[in-house]
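Down below is the structure, laid out as structure tokens.
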Amino acid sequence: MPTNLLSGLNPRQREAVETINGPVLIVAGPGSGKTRVITHRIAYLVETCGVSPYRILAMTFTNKAAREMKERAAALTRTRDDQLTISTFHAFCATVLRRDGERLGLDKNFAIYDQSDQTSLMKRAMIEVGLDVKQFKPANILSEISSAKSQLVGVEGYGLNKTSYFEEIVHRAYEKYEELLAAASAVDFDDLLFKTYTLFKQHPDVMERYRERYVHVMVDEFQDTNVVQYEIAKQLTGEYRNLCVVGDPDQSIYSWRNADIRNILSFQKDFSDAKVIALEQNYRSTETILEAAQGVIASNKHRVEKDLFTTNGKGVPIVVQEGYNEQEEAQFVVREIERLVRKGYSRADIAVMYRVNAQSRALEEACMRYGLPYQLVGSTRFYQRQEIKDLVCYLRLIVNHSDDVSFGRIVNVPTRGIGQRTVDELTRHARDHGVSLFDAIDGTAETADTPRIPAVPLPARSIKALQDFKALIEGLSEQNNELNLVEFIDEILKRTGYKDYIESEPERGEERWDNIAEFRNSARDYLDLGPDDALTAFLESVSLVSDTDNLGEKADAVTLITLHQAKGLEYPVVFMVGMEERMLPHSRSIESHDPADIEEERRLCYVGVTRAKEMLYLLRAFRRGFRGNSEPSMPSRFLADIPQELITKPGIGAPAKKPATRLNDWASPFKQTQRTGTLAERVVKSADATVIRRKRSEVRPAAASAGPTLKTGDKVRHKAFGEGMVTATKPSSGDTEVTVAFKDGLGIKRLLLSFAKLEKVE
DNA sequence: CTATTGCCGGTTTTT
DNA sequence: CCGGCAATAG
């Protein structure tokens, strides 16, 4: 409750919470309690200053961050969390556009196109303006357009400033792309922002409404905002000038997604009276880890110096280990994890991070081999899965018949005799008559507002197939009002034949059906709303939700995750693999010869290092496999920036040649990792997770009982068995169980420390 | 129209 | 080496 809102905060944090009037820039180092500050600031505004929660707006980048912030802020106040507006930029803008987008001529039921939708549309745009899809990759053109939109450059503006042939090409594609988007009543992600900006700019009365409502505006992860986002924040801030931005320039790793660190400079220029508050006390990591992180980041030229400190104590040294190749690297990681788990760590405490998704492969293989349960984060995103995407497209087309991209995707899924030829002809016909694909199908013509058009010049059987499809979608549209969302999804699955289509699939049918079941299940959250609203809200959440948002924290499994995705997370134990030149920093950023690119790689490394709370392992392979062949690699330059005294000598844990820790080979009681078809995605079924997480403080330090203090790697002598090496220690009911690999083929014995009289050998 | 083979291309991806 | 998609055969 509201008491003591300031009591648990350090002086800087307190200042950040109490400074509620005027512009504020909070530079928040990693683990400095940033979320705590924001949530307390919100609570302070509500409880102490009497600001209505209705007047507070906080913008984040991920839904997960928004959700957490909302929950925590609401918990600190008497506020119901739905009174606060805490949302992602994109979700907020989508809401604005649903409500007021009509002023820009935007249909209420506009679809939101993701990357793959955009690519389909761009291909079509390029074909229509006669551009060779081979010569200019749609993805490149799209990224150029995205960059333009992110910097408030619309088609017209882009057309005025062309200075190269490529820009000329892009401009042509851009124009057609915009035209097709409008025709489909669709917007892309960048449009959500750009159109909101434009709406506010062109319709000050609309902007004024939002301005009046939101007296206090906060922006999280400010270092990752792009220009439009910053501009929108400013638009909303208005006269009150109560804009509080929080970020860490050293953690800016999304410049390639048009994030613009210059926003921080702009902020200081635009609000020269801004109060700047630095949060430098780190509550997350050991001193060792924090120093290593500072060592890494210090070499960046362009940065705001921070003096991070912690009172967490030195902790254990950082382990730097080299494997011969990525298999050995992965093997080391997995064995070391097993050792840590035996010492009392929970698998959920451990994450393995890498630069590129391809690196997860060797790790997954090692995990499977050793029976180590793992959770791979987002290599194939849930909503990108074919079956989910198909279903979403059905829903989108039902809501918005103009949505040509959705139409194109599902018109023949399951196959209903509408092939490429037919679709091409229909497309041409639609374009010639200026209507959507859906409306170009002549026939039932229920669409009052579109003039009847001549029949598509196609064989009767093709026309019949198209008309049947159209009737199917129209029939479903009518049923939307009669059924609740879940029933409606079932109806779609049934009537479109999608259910049978999936079930008849021999290989992945079952898994795909499970995905659909999960999707259907998530629709249950929207049952309270009326059919129309439910569907719109559901589709919106589907478009704007990412995988990491639902990252399971409960699973008793090790997390495999990219460095980018790891931002904002923390783990007691972190392994960073691939600490090599050309991996981190990535070859692309080396070859670009742009120092800024290397600086971003360095920040990425810094992000990885600062995820670790207690232990950090940095791994590299001497040779790394690359597209079939393996090449020698050099240690990452970032390794050299970590002070030597923070690093242990290599060789900790189980040396690769020793068979002692092979106990679990193929024989794990956990059957939790399962291979699921060709997609590189494993699902952790954690139902049988029997390992109860113990309070770590009770367990560690591990060797606490009678007898000598032993740790892995120690040599010992036993009266009967002779000499051997400790491969594992594990606390067991007031004693310590030591696993020792004895020499001379005597094998591996597990001994209780208090019983077996083991002598430590130097 | 659908199924199969061959070829190109392969960082990161908060929304 | 592996996956996605485009040309080509069935």
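The chains referred to below are lettered A, B, ... by the order of the sequence lines, with proteins before strands, and numbering in each begins at 1.
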Fill in: N or O in side chain of A/N412 less than 4.0 angstrom from B/dT2 OP1/OP2
yes
Discussion item. Taking only side-chain N and O atoms of A/R361, does any of them lie within less than 4.0 angstrom of OP1 or OP2 on C/dC2?
Written reply: yes
Worksheet entry | Nearest-Å distance once atom P is located in both C/dG4 and B/dT13 | 16 Å
Practice prompt. Please measure how far the P atom in C/dC5 lies from the corresponding atom in B/dT12, and state the result in whole Å.
Written response: 16 Å
Worksheet item: Who are the ring pair (Phe, Tyr, Trp, His ring centres under 6.0 Å) partners of A/F89, not counting sequence neighbours?
Response: A/F61
Worksheet entry | Any residue meeting ring pair (Phe, Tyr, Trp, His ring centres under 6.0 Å) with A/Y606, in chain and number order, not counting sequence neighbours | none
Roughly, in whole Å, what's the span from [atom1] in [X] to [atom2] in [N]?
| X | N | atom1 | atom2 | answer |
| --- | --- | --- | --- | --- |
| A/Q420 | C/dT8 | CD | P | 15 Å |
| A/K123 | C/dG4 | NZ | P | 13 Å |
| A/L458 | B/dC1 | CG | C1' | 13 Å |
| A/I86 | B/dT14 | CD1 | P | 22 Å |
| A/F222 | B/dT14 | CZ | C1' | 16 Å |
| A/L563 | B/dT14 | CG | C1' | 15 Å |
| A/L193 | B/dT14 | CG | P | 15 Å |

Worksheet item: Got more than 12 heavy atoms from elsewhere within 6.0 Å of NZ, A/K464?
Response: no
Worksheet item: Would you call the rings of A/Y210 and A/Y214 parallel, tilted or perpendicular if under 30° counts as parallel and over 60° as perpendicular?
Response: parallel
Worksheet item: Listed by chain and number, what are the salt bridge (Lys or Arg N to Asp or Glu O under 4.0 Å) partners of A/E599, not counting sequence neighbours?
Response: none
Discussion item. Could you work out, with salt bridge (Lys or Arg N to Asp or Glu O under 4.0 Å) as the rule, every residue matching A/D117, not counting sequence neighbours?
Written reply: A/K389, A/R396
Worksheet item: Under 4.0 angstrom, heavy atoms only, what part of the nucleic acid is A/S587 near: base, sugar-phosphate, or nothing?
Response: nothing
Discussion item. Base, sugar-phosphate or nothing for A/L192? Non-hydrogen atoms, less than 4.0 Å.
Written reply: nothing
Worksheet, complete the sentence: Given protein heavy atoms under 4.0 Å, the one-letter contact record of nucleotides 3-13 of chain B, with B base, S sugar-phosphate only and - none, is simply -------BBBB
Discussion item. On DNA chain B, does the nearest nucleotide to A/R461 precede the nearest nucleotide to A/F61 from the 5' side, or the other way round? Give the residue.
Written reply: A/R461
Worksheet item: What pairs of residues pass the salt bridge (charged side-chain N to carboxylate O under 4.0 Å, His left out) test when at least one of them lies in residues 583-594 of chain A, not counting sequence neighbours?
Response: A/R582-A/E591
